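Read through the structure below, which is laid out as structure tokens, and then see the notes.
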There are 2 protein chains.
Amino acid sequence: MPYSQEHKEKTRKKILNSARELFSKRGFDSVTVNEIMEACSLTRGAFYTHFSGKSNLYSEALKYSAMNSELTKKKPKNISSKQWLSQLLDAYLSVEHVRGEEPCPLAFLATDIVSRDKAAKDAYAEAYKKMNEIIMDYAGVDATCKEENIISLTSMIIGAVAISRTIDDRRSVENILQSCRQQTRLILGEI
Amino acid sequence: MPYSQEHKEKTRKKILNSARELFSKRGFDSVTVNEIMEACSLTRGAFYTHFSGKSNLYSEALKYSAMNSELTKKKPKNISSKQWLSQLLDAYLSVEHVRGEEPCPLAFLATDIVSRDKAAKDAYAEAYKKMNEIIMDYAGVDATCKEENIISLTSMIIGAVAISRTIDDRRSVENILQSCRQQTRLILGEI
DNA sequence: TTCTTTATATGATAAAGATCATATATAAAG
DNA sequence: CTTTATATATGATCTTTATCATATAAAGAA
């Protein structure tokens with residue numbers, strides 16, 4: 001048995017990582033398999049021993065992305081849940097996120113998903129659910145009571161990031177993000 | 001001079017209308033020129049006397065869409081600005097909008113725009129600005145003072161519609177839309 | 001009716017890109 | 001060191017689709 005199992009795993013993850021970034025930034029159609037493979041210094045031939053095809057890679061990359069998202073990081077013990085949540089939301093609503101290499105596919109792929117296959121939609125729905133749960137946990141709402149607030153919050157932050165990406169003018173982007181950061185405080189009842 | 005000028009204008013509008021609907025629903029790449037033309041009972045050959053190419057059609061359709069959007073409809077005289085705004089927002093945050101034939105490209109194409117050309121981005125930015133202005137007008141805020149509230153409001157409704165389209169389960173969609181309808185009232189200070 | 005202009009249709013071209021078939025290289029096992 | 005399974009690379013194929021070139025048809029003008 002040539003090539004250790006770990007080697008294959010590593011390669012798979014390199015592919016997933018390139019795919020995650022490229023797909024998130026440019027959507028399914030604009031990215032080519034070749035391009036993804038070259039981004040991790042491989043050629044397209046190697047691709048098919050790791051994934052059954054492009055769409056398969058897309059949904060796997062989505063899962064992978066959700067699994068390694070910023071939101072899933074553990075809270076440091078020395079700060080409160082609400083403080084931590086504030087930090088997470090500010091990072092989400094930042095220019096660095098909008099323009100950076102760790103894009104949240106929920107925002108970056110919001111409209112791309114609609115034309116994709118069931119596996120991709122399922123992965124997206126799962127990630128969306130998870131985001132709401134994580135935020136609800138940190139916000140510490142009483143179950144049913146204020147779930148709606150969290151749902152409107154996630155719609156807002158996802159919308160804000162998606163819109164920000166369409167806009168070239170940096171000042172406008174700052175303005176959108178700042179407005180929404182402020183609104184998160186209002187929704188969470190911290191002002 | 002064969003074919004009246006109005007005939008050409010009519011055809012152009014038919015094409016724009018098919019394009020608007022198809023592009024909004026499925027994005028730039030998934031839609032073919034052929035498909036758009038067949039949707040208005042023409043063949044692809046006729047296309048190039050009306051538009052210089054597919055990307056040109058895309059940006060033109062975006063402008064056309066913004067120009068004929070629900071939001072631009074005139075307010076009936078017998079109701080207040082705030083009442084009218086409430087109606088507009090409820091219609092925007094409805095299943096009919098999410099699943100219907102009059103999609104708002106701001107929500108439906110939020111992430112598709114990123115990979116498009118400058119003309120498309122400009123058209124999108126223009127439509128976005130207009131949406132904010134219209135809502136600000138109806139909400140009657142004092143210029144700079146609460147502009148941020150409106151910006152967070154538009155982020156939320158655009159985000160909500162975009163997310164709703166990714167979700168198959170009708171009950172979940174209703175839940176998202178209802179939560180955001182409620183939040184619009186809070187943001188506009190009506191509760 | 002005939003002529004002429006231009007919208008529309010049809011057939012051809014060419015490029016892009018996903019996937020497959022085949023060749024090569026690598027490293028573990030003996 | 002040799003063998004061998006499998007990861008990777010290369011070349012070929014096939015489909016899709018935008019766009020172009022050319023033909024046809026429609027309708028206003030004479």
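Worth saying up front: this structure is predicted, and the values here are computed from it rather than measured. Residue numbering restarts at 1 for every chain, and letters A, B, ... go by the order of the sequence lines.
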Handout entry: Distance, rounded to the nearest Å, where B/M37 contributes CE and C/dA7 contributes P
Key = 12 Å
Exercise for the section: Could you check how far CD of A/E9 sits from P of D/dT6, rounded to whole Å? Expected result: 16 Å
Exercise for the section: Considering only NZ, NE, NH1 and NH2 on the basic side and carboxylate oxygens on the acidic side, decide whether A/R26 and A/D112 come within less than 4.0 Å. Expected result: no
Handout entry: Shortest side-chain distance from A/K8, nucleotide among D/dT10, C/dT8, D/dA7
Key = D/dA7
Problem - Value in whole Å for how far the P atom of C/dG17 lies from CZ of A/R26 - result: 10 Å
Exercise for the section: Nearest whole angstrom, please: distance from the P of D/dT16 to the CD of B/E35. Expected result: 13 Å
Fill in the blank from the handout: Ranking C/dA7, C/dT19, D/dA7 by distance to the side chain of B/H7, first place goes to C/dA7
Handout entry: Point-to-point distance, once rounded to the nearest 0.5 Å, from CE of B/M37 to OG1 of B/T32
Key = 11.0 Å
Exercise for the section: Dot-bracket for DNA chain C, please, read 5' to 3', with Watson-Crick or G-U wobble pairs under 3.5 Å on both distances, ( ) within the strand, [ ] crossing, | other strand, . unpaired. Expected result: ||||||||||||||||||||||||||||||
Handout entry: Distance, rounded to the nearest Å, where B/K54 contributes NZ and D/dT17 contributes C1'
Key = 8 Å
Handout entry: Below 4.0 Å: OP1/OP2 of D/dT8 and any side-chain N or O of A/T11
Key = yes
Fill in the blank from the handout: Ranking C/dT19, D/dA18, D/dT8 by distance to the side chain of A/Y48, first place goes to C/dT19
Problem - Rounded distance (Å) that lies between atom P of C/dT6 and atom CZ of B/R12 - result: 18 Å
Exercise for the section: Compute the ring centroids of B/F47 and B/F51, then answer whether they are less than 6.0 Å apart. Expected result: yes
Handout entry: Presence of salt bridge, B/D122 and B/K63, under 4.0 angstrom
Key = no
Problem - Sugar-phosphate, base or nothing in reach of A/T32, heavy atoms under 4.0 Å - result: sugar-phosphate
Exercise for the section: Choose from C/dT10, D/dA18, D/dT8 the nucleotide whose nearest atom is closest to any side-chain atom of A/A46. Expected result: D/dT8
Exercise for the section: Ignoring hydrogens and angles, answer whether the base of C/dT10 and the side-chain atoms of B/R44 contain a donor-acceptor pair closer than 3.5 Å. Expected result: no
Handout entry: Atom-to-atom span, CD of B/E38 to C1' of C/dA9 - whole angstrom
Key = 12 Å
Exercise for the section: Among C/dA7, C/dT19, D/dT10, find the nucleotide with the atom closest to the side chain of B/T49. Expected result: C/dA7
Exercise for the section: Salt-bridge test for B/R12 and B/E60: reply yes if a basic N is under 4.0 Å from a carboxylate O, no otherwise. Expected result: yes
Exercise for the section: Please state how far atom NZ in A/K10 lies from atom C1' in C/dA27, giving the value in whole angstrom units. Expected result: 15 Å
Handout entry: Check ion pair A/K25-A/E21 (N to O, under 4.0 angstrom)
Key = yes
Practice task
For B/F47, answer base if it contacts any base atom (sugar-phosphate contacts may also be present), sugar-phosphate if it contacts only those atoms, and nothing otherwise; contact means non-hydrogen atoms under 4.0 Å.
Solution key: nothing
Practice task
Run the salt-bridge test on B/E70 and B/K73 with the 4.0 Å N-O cut-off and return the result as yes or no.
Solution key: yes
